[in-house]
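Just so it is clear: chains get the letters A, B, ... in the order the sequence lines come, proteins before strands, and each one is counted from 1.
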Number of protein chains: 2
Amino acid sequence: MLKANKKLPNEARRPGRPEGQTNLSEGILDAAEALFAEQGYAGTTLRQVAEKLGANPAMVAYYFKNKDNLFREVFTRRGHAISADRMERLATLKARRNHDLRDLVAAFIEPAASLYHDPQGRAFLRLHARLHMEPAELSFELRRLVHNESTHAYAKAFADLLPEMPVREVYQRLTLLIGAYLYAFSGTSRLDELLIEGDDDPIKGLLESTIAFGTAGMRSP
Amino acid sequence: MLKANKKLPNEARRPGRPEGQTNLSEGILDAAEALFAEQGYAGTTLRQVAEKLGANPAMVAYYFKNKDNLFREVFTRRGHAISADRMERLATLKARRNHDLRDLVAAFIEPAASLYHDPQGRAFLRLHARLHMEPAELSFELRRLVHNESTHAYAKAFADLLPEMPVREVYQRLTLLIGAYLYAFSGTSRLDELLIEGDDDPIKGLLESTIAFGTAGMRSP
DNA sequence: GCTTTAATTAATCAAGTGACTAATTAATAA
DNA sequence: TTATTAATTAGTCACTTGATTAATTAAAGC
């Protein structure tokens with residue numbers, strides 16, 4: 001996290017537009033992403049967001065109007081990217097014309113799972129998982145906005161590969177898949193803690209495990 | 001939710017111990033369970049809890065000392081029951097001596113899933129799922145307290161049935177299973193919304209689907 | 001060069017927040 | 001009966017919250 005307007009010694013900060021050009025809005029989104037991920041919507045204060053950048057609390061309102069809007073922008077920034085990535089991968093698979101269930105599961109999960117490597121991306125994954133637990137009015141609207149299209153597209157694609165499975169069952173399985181990968185990649189599972197004998201990185205192979213688990217789960221009669 | 005001390009007309013409430021015996025503490029736990037489930041720890045105020053019962057906010061402090069403690073008691077009340085139920089079912093299976101993966105998955109999930117029928121139990125399921133997203137200091141301590149024993153016991157039981165699978169992998173699969181069922185039964189999935197053609201109850205068969213999904217996922221190489 | 005617009009600080013506001021206290025009344029113990 | 005304990009209300013306290021405003025300074029437009 002880069003501090004904006006780093007205070008040089010003996011150079012107190014004064015009101016007014018600073019010299020040069022600044023882009024505080026990205027920094028605010030990053031800070032808010034990390035804090036919302038860690039503490040949730042209600043548990044995060046705008047002052048915390050500002051403090052994380054060394055900025056004035058009023059700057060948050062200046063760039064994002066209010067807390068609700070800030071949260072929306074934090075979520076949609078990466079959410080739309082994930083959704084677009086999913087749609088792209090699905091199109092690629094369909095063009096190949098010989099994909100199987102495993103390909104579909106991987107295409108669905110990887111756009112989100114790939115964020116895990118970067119700390120800021122990991123914060124978003126936590127935020128994403130947490131969003132499902134936020135009050136419905138905020139949560140459902142955002143999830144609908146970001147995920148509706150790609151979720152239906154994947155459900156259709158799964159249904160095509162599982163012609164004997166009722167459509168409702170396909171959606172239920174997809175729901176289970178989403179719950180599994182969100183939890184596993186949210187960083188809130190107690191996996192590391194449970195694995196006391198942990199010699200290696202417990203996350204190693206997590207993507208592979210998730211795809212294997214999800215593929216078998218989707219396929220099972 | 002029964003209102004405690006329902007105000008009879010023309011009979012204003014006065015300070016002092018009321019006649020008869022009261023048991024406000026169960027009512028407070030129920031109200032808090034519903035509100036924590038809906039709004040999370042930070043998003044719920046003690047005044048809301050009190051108001052839901054028509055009680056004085058000070059009563060919450062009287063019975064539960066503070067907010068943190070109230071949350072702990074709400075969670076452990078049912079959490080310990082689930083954990084005990086799991087241990088019992090595991091013992092029953094082991095005594096039978098011929099259980100398979102599916103039995104194990106069902107024994108793990110059903111104690112929680114069975115709460116789904118009752119609205120208050122459903123609130124707890126939502127709270128339980130949400131707990132995983134609360135700040136670590138609160139979440140991890142409670143989950144450790146309530147679930148450590150049974151989780152390790154089931155991991156051991158799964159490992160016995162999956163001798164070729166590395167122990168770490170067993171824990172990872174168990175984590176995926178937990179994520180899947182928690183999400184599916186938290187009532188926060190958008191399943192009903194996605195299933196526009198929903199003629200029947202979309203939850204119908206959810207337990208069966210979850211067990212099928214989880215069993216296949218655990219078994220898959 | 002002058003005017004308008006953009007970006008910042010400091011200060012403040014009303015509305016909550018969790019927690020606590022004193023007063024009060026009924027039940028229980030002695 | 002009397003003293004003590006349990007359960008309740010009303011009120012308050014210091015603090016935090018999201019939001020807004022006026023003043024201030026630099027950049028951009030003309």
Side-chain angles (χ1 to χ4, degrees), chain A residues 2-8 11-29 31-32 35-36 39-74 134-135 137-138, chain B residues 2-8 11-29 31-32 35-36 39-74 134-135 137-138:
Chain A
L2 288 179
K3 299 239 177 172
N5 286 339
K6 188 157 55 172
K7 219 191 286 187
L8 297 178
E11 186 179 352
R13 272 209 270 147
R14 305 166 321 187
R17 180 172 181 164
E19 301 184 25
Q21 49 182 350
T22 52
N23 187 0
L24 218 40
S25 96
E26 281 295 311
I28 292 174
L29 287 177
L35 288 165
F36 282 139
Q39 309 173 337
Y41 180 80
T44 299
T45 74
L46 297 180
R47 281 172 176 81
Q48 290 176 328
V49 174
E51 195 183 10
K52 188 150 191 167
L53 298 116
N56 190 297
M59 296 310 292
V60 180
Y62 178 72
Y63 281 102
F64 295 98
K65 190 168 171 60
N66 58 35
K67 189 180 183 181
D68 195 81
N69 190 249
L70 173 62
F71 188 89
R72 285 167 204 273
E73 299 237 19
V74 166
E134 297 290 358
E137 60 277 13
L138 185 62
Chain B
L2 285 181
K3 300 238 177 173
N5 285 340
K6 189 157 56 170
K7 218 191 285 187
L8 297 179
E11 185 178 354
R13 273 212 266 148
R14 305 165 321 186
R17 180 171 183 164
E19 302 184 24
Q21 50 183 347
T22 53
N23 187 0
L24 217 40
S25 97
E26 282 295 310
I28 292 174
L29 287 176
L35 288 165
F36 282 140
Q39 309 174 336
Y41 180 82
T44 298
T45 74
L46 297 180
R47 282 172 176 81
Q48 290 176 328
V49 174
E51 194 183 10
K52 187 151 191 166
L53 296 118
N56 191 298
M59 296 311 291
V60 181
Y62 178 72
Y63 280 103
F64 294 99
K65 191 169 170 61
N66 57 36
K67 188 180 182 180
D68 195 82
N69 191 250
L70 172 62
F71 188 88
R72 286 167 204 272
E73 300 236 20
V74 166
E134 297 290 357
E137 58 279 11
L138 185 63

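When all heavy atoms of B/G40 and B/E134 are compared, the closest pair comes out as CA-OE2, 3.5 Å. Between B/L53 and B/G27, the shortest heavy-atom contact is CD2-C, 3.4 Å. When all heavy atoms of B/A50 and B/P57 are compared, the pair lying nearest together is CB-CA, 3.5 Å. Between A/Q48 and A/G43, the shortest heavy-atom distance links the atoms OE1-O, 3.8 Å. Taking all atoms of both residues into account, the shortest heavy-atom contact from B/I28 to B/M59 is CD1-O, 3.9 Å.
Put simply, CZ on B/R47 and CG on B/N56 are 10.0 Å apart, with the number rounded to the nearest 0.5 Å.
In this structure, B/E19 places its CD atom 19 Å from P of D/dA6, rounding to the nearest Å. Atom CG in B/N56 sits roughly 10 Å away from atom P in D/dG11 (whole-Å rounding). The interatomic distance linking B/R14 (CZ) with D/dA7 (P) rounds to 18 Å, in whole Å. Between A/F36 atom CZ and D/dG18 atom C1' there is a gap of 12 Å when expressed in whole angstrom units. To the nearest angstrom, C1' of D/dT25 lies 17 Å from CD of A/Q21.
Near DNA chain D, meaning a heavy atom under 4.0 Å from it, residues 57-67 of chain A has A/A58, A/A61, A/N66, A/K67 in order of number. A heavy atom closer than 4.0 Å to some atom of DNA chain C occurs in B/T44, B/T45, B/L46, B/R47, these being the qualifying members of residues 42-50 of chain B.
B/Y41 and B/F71 have perpendicular rings, their planes meeting at more than 60° on a 0 to 90° scale where under 30° would count as parallel.
Evaluation of the side chain to side chain donor-acceptor pair (under 3.5 Å) test over residues 57-71 of chain A, restricted to residues two or more places apart or in two chains, returns A/D68-A/R72.
Listed nucleotides D/dA10, D/dT24, C/dA27 differ in distance to B/R17; the shortest reach to its side chain belongs to C/dA27.
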